[in-house]
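Protein chains get the first letters and strands the later ones, always in sequence-line order, with residue 1 at the start of each.
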There are 2 protein chains.
Amino acid sequence: MEIDKRITILNVSQALFSRFGFVKTTVDEIAKLARIGKGTVYHYFKSKEQVFAEVIKRESNTLQEKIQKALRGKQTPQDKLTAFVKTRSRHLKDLTNYYSALTDDYLEHYAFVEETRQKYLEREIQTVKDILEEGVEKGVFDIEDTKITAQAIVLLFKALEYPWSVKKDKFDIELSTNKFLNILFKGIEKRK
Amino acid sequence: MEIDKRITILNVSQALFSRFGFVKTTVDEIAKLARIGKGTVYHYFKSKEQVFAEVIKRESNTLQEKIQKALRGKQTPQDKLTAFVKTRSRHLKDLTNYYSALTDDYLEHYAFVEETRQKYLEREIQTVKDILEEGVEKGVFDIEDTKITAQAIVLLFKALEYPWSVKKDKFDIELSTNKFLNILFKGIEKRK
DNA sequence: AGATCGACCAAAAAACCAATATAGTCGAAA
DNA sequence: TTTCGACTATATTGGTTTTTTGGTCGATCT
C-alpha cells in the first residue's frame, strides 16, 4: 500500500525532525524507524528536503484549520481578529517543525524555508486584511489602508514574541495582546 | 597626556571596529594605529571588551543627543513621538558599532552586549512612555496604560525593520511609519 | 513491471593535529 | 609612573585524515 508507506515516512519524519531538528535527523534514521529501506524513502520523496517541506506543509495546514475553526464561531470583526491573534499564538509553537522553519537561523539558506517564511507572512497579512475589510464593509471599521494596517498588526504580534534580548523581562503576552488589541480597535473603529 | 591617549584609543578603535567588527579587530591593530605599545592599551582599558563597551556607549550617547535635540524642537506629543521614531530610524544604522551590538548574533554571548540590548530597549520604551505621559497630562491623549502602549509602539517599529524573511517585499518604511503613526494617534488621542 | 533493499560513491562534515595568532601579562626601560 | 614589546596560555586557523550522509542504482523480490 503505497499511501501507507508515504504516510508512515511522514509520520516518522515529523517526530524525528521535531525531536532532533531537520539537520541532525538522518535519512537512515527515518528509514529505520519506518522499517523500510533507505532507497524506499527516495522512491516516495525526491529528497530529504522534500520530506521536510511536506512535514512543514502538514503543520501549516493544521494551524490554518485551527484558525479557520476559531474564526467560524465569531460574529464581529473584532472578535474575529482577537480569535486570529490568540489562536495563532496558542498553537504555533506546538507545531515544532513549522515554527522551526519560520524562526531558526540555520535553516534560512534553504530555498523552501525562505519560501515558507514568505508565504506564512503573506498569509497572515492576508487573513488580517480580510477581517479588516469585512469590518469596513459592515461599517464597523474606518480604515484608510487595510493592507498597511494588516501589516502593522501582524508585525506587532510577531514582535511581541521575538526575543529582542535574551534576559528581557518577558513581555506578558496575554496581557499585552489584550491591551494592544484595545488600542488598535479604538484606532480603527468607526467614530460615532 | 593620559586623556589624549584614552581618546585616541577610542577613536582608533571606533574606526577599526566599525570597519572590521569587534571580533576581527585585534588589539595589536588598535595599538599600531594609535601609535602606542600594546601594553598601553591595557593601561587605559581593562580588556578589549571594555574598549568596545566604551565605543558602544559613545555611539549610544550620540544617538541620545540627536534624539533629545530633535524632541526639543517639537511642541505636541504627537510631533515628539513622530520625531522620536524618525530620528531613531534615520541615525541608528549609521552608528555601526552600536547597531552591531544590538543586532549581530555572534555578539550575543558577551554579557555587556546583552546588557546593552536590555538598556537600549528599556530606554526606548521609557522615552516613548514619557512622551505619552506628557500627552496624557496635557489632555491630548487618553491612554489606559502608558507602559504597555509604549511597548507596543517600540516593538512595532522594531518589527518594521527586522528581516522576517530574506526576500520580503521590503516594507516601505517611510510610508509605513507615517501610516502606523496615524492609526496609533487615532487610537490614543482623546475623543472630542 | 513495479516496489524494495542495501552496498556503494562523491561530497560534506567531523575529528585530529601542527602551526599560527591573539588577548593579556609582566619585567625592563624610559 | 608610564610605556613598551617579548613572552605565555589559550584560542584559532589551516591542512589532512577519517567518518558520515544524501542520494544512486543494480540486484532481488513480489
Open item on the list: Could you tell me if the side chain of B:L160 sits less than 4.5 Å from the side chain of B:T177, heavy atoms only?
Closed with: yes

TODO: Please check the phosphate of C:dA3 (OP1 and OP2 only) for any side-chain N or O of A:T40 closer than 4.0 Å.
DONE: no

Open item on the list: Expressed as a whole number of angstroms, how long is the span from B:K5:NZ to D:dT2:P?
Closed with: 10 Å

Open item on the list: Whether B:E133 and B:K129 form a salt bridge (side-chain N of Lys/Arg under 4.0 Å from carboxylate O of Asp/Glu) is what I want to check.
Closed with: yes

Open item on the list: Whether A:E115 and A:K119 form a salt bridge (side-chain N of Lys/Arg under 4.0 Å from carboxylate O of Asp/Glu) is what I want to check.
Closed with: yes

TODO: Summarise how protein sits on nucleotides 20-30 of chain C as a single string, 5' to 3': B when a protein heavy atom is under 4.0 Å from the base, S for sugar-phosphate-only contact, - for no contact.
DONE: --SBBB-----

Open item on the list: Between A:E161 and A:R88, does any NZ, NE, NH1 or NH2 come within less than 4.0 Å of an OD or OE carboxylate oxygen?
Closed with: yes

Open item on the list: Any side-chain to backbone donor/acceptor pair from A:Q50 onto A:K46? Under 3.5 Å, distance only.
Closed with: yes

- [ ] Test the B:K48-B:F22 pair against the cation-pi criterion, namely NZ or CZ under 6.0 angstrom from the six-membered ring centroid and within 45° of the ring axis.
- [x] yes

Task: Whole-Å distance separating the CZ atom of A:R6 from the C1' atom of C:dG2 - done: 18 Å

- [ ] Round to the nearest Å and state the distance from A:Y44 atom OH to D:dG23 atom C1'.
- [x] 18 Å

TODO: Using atom CZ of A:F45 as one end and atom C1' of C:dA3 as the other, report the distance to the nearest whole Å.
DONE: 15 Å

- [ ] Rounded to the nearest angstrom, tell me the gap between atom CZ in A:F20 and atom C1' in D:dT21.
- [x] 16 Å

Task: Length of the line joining B:H43:NE2 and D:dC4:P, which is rounded to integer Å - done: 11 Å

